[in-house]
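A quick note: this is a predicted structure, and the numbers were derived from the prediction, not measured. When a residue number appears, it is its place in the shown sequence, counting from 1.
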Amino acid sequence: MIEFVRNVRLWFAPQEVREEGRTPDYRFSLANERTFLAWLRTALALIGGGFAVDQFLPGLRWGWRAGLALALLGSGVLCSLRAINHWVRCERAMRRGEDLPASRFPAVLSLAIAVVAVAMVVIVVVGWAG
C-alpha cells in the first residue's frame, strides 16, 4: 500500500521518475507512453459505453440500465487510474533495469467486460422492455 501511495505522488511529479536510475532507450519510453494512451482510449470507450447504455436504452428496466451503465463507467474509471499507475511503474522499472511489473488488471477488466456483454446479450435475446 505504501508503494501505491508513493506511485500516486509520482503521477504528478514525473521529474522525480526521471531522476531514478538510468535513462532507458527512448523507444521503450515512447512504447510505454503509447501503451498508456491505449489504456486511456479504452477507458474513454468504456465511459462512452456506459453513457450510451444509460441514454439510448430508456425502455430497459432502471435497475438493469443503471447496473450496466455503472459497471461500464466504473470500469472506465479504474482503467484510467490503472493507466497512469502502470505507466509510472513501468517507467521506474525500465530506469532501474528491473523486469516490468506483472498485472492481473487486464484479466479482471476482460472478465468485467465479458459479464456486461453477456448481460447485454441476455437483454437483447429475452427482450428489454421494462
Fill in: Residue pair I84, F36: steps toward the side chain to side chain contact (heavy atoms under 4.5 Å, CB included) verdict
CA-CA 7 Å; I84 187 66; F36 166 74; 4.0 Å; yes
Fill in: Connected via hydrophobic side-chain network under 4.5 Å: V77 and F12
yes
Discussion item. Please find the pair of heavy atoms, one from C79 and one from L46, that lie closest to each other, and give the distance.
Written reply: CB-CD1, 4.4 Å
Worksheet entry | Common cluster, I47/L109, ILVMFWY with side-chain heavy-atom separation under 4.5 Å | no
Worksheet item: Does Y26 offer a backbone N or O that forms a donor-acceptor pair with the side chain of S29 under 3.5 Å?
Response: no
Worksheet item: If you draw a 6.0 Å radius around CZ in R9, do more than 12 non-hydrogen atoms from other residues or ligands fall strictly inside?
Response: yes
Worksheet item: Which pair of heavy atoms, one from A102 and one from R89, lies closest together, and at what distance?
Response: O-NH2, 3.7 Å
Worksheet entry | Contact summary for L73 and G50, nearest pair of heavy atoms | CG-CA, 4.1 Å
Practice prompt. Say whether V53 and V121 are linked into one hydrophobic cluster, either directly or through other cluster members, by side-chain heavy-atom distances under 4.5 angstrom.
Written response: no
Discussion item. Looking at every non-hydrogen atom in both residues, tell me the closest pair between H86 and P101 and how far apart they are.
Written reply: CE1-O, 4.0 Å
Fill in: Check against side chain to side chain contact (heavy atoms under 4.5 Å, CB included), L78 and F105
CA-CA 9 Å; L78 289 175; F105 184 77; 4.2 Å; yes
Fill in: Stepwise side chain to side chain contact (heavy atoms under 4.5 Å, CB included) test for R65 and I123
CA-CA 10 Å; R65 191 176 76 225; I123 289 167; over 6 Å; no
Response to the item:
Rounded to the nearest 0.5 angstrom, the CE-CG distance for M120 and L68 is 6.0 Å
Item to complete: Could you tell me whether the side chain of R92 and the main chain of E20 form a donor-acceptor pair under 3.5 Å?
Response: no
Worksheet entry | From OG1 (T35) to CG (L40), nearest 0.5 Å | 11.0 Å
Worksheet item: Under 6.0 Å from the CG atom of D99, do we count more than 12 heavy atoms belonging to anything else shown?
Response: no
Practice prompt. Carefully, step by step, assess E91 and R18 under the rule side chain to side chain contact (heavy atoms under 4.5 Å, CB included).
Written response: CA-CA 8 Å; E91 193 66 27; R18 296 185 81 184; over 6 Å; no
Worksheet item: Who pairs with W64 by ring pair (Phe, Tyr, Trp, His ring centres under 6.0 Å), at least two apart in sequence or on another chain?
Response: none
Fill in: Side-chain donor/acceptor of D54 to backbone N/O of A69, under 3.5 Å
no
Practice prompt. Report yes or no: do V116 and L60 belong to one cluster of Ile/Leu/Val/Met/Phe/Trp/Tyr joined by side chain heavy-atom distances under 4.5 Å?
Written response: yes
Discussion item. Who clusters with V108? Use side-chain heavy atoms, under 4.5 angstrom, across I, L, V, M, F, W and Y, and order the result by chain and number.
Written reply: none
Worksheet entry | Where F28 and M94 come nearest, the two heavy atoms and their spacing | CB-SD, 3.5 Å
Discussion item. I'd like to know if L81 and L70 are part of one continuous hydrophobic network [Ile/Leu/Val/Met/Phe/Trp/Tyr, side-chain heavy atoms within less than 4.5 Å].
Written reply: no
Worksheet item: At what distance, to the nearest 0.5 angstrom, does CG of N32 lie from SG of C90?
Response: 5.0 Å
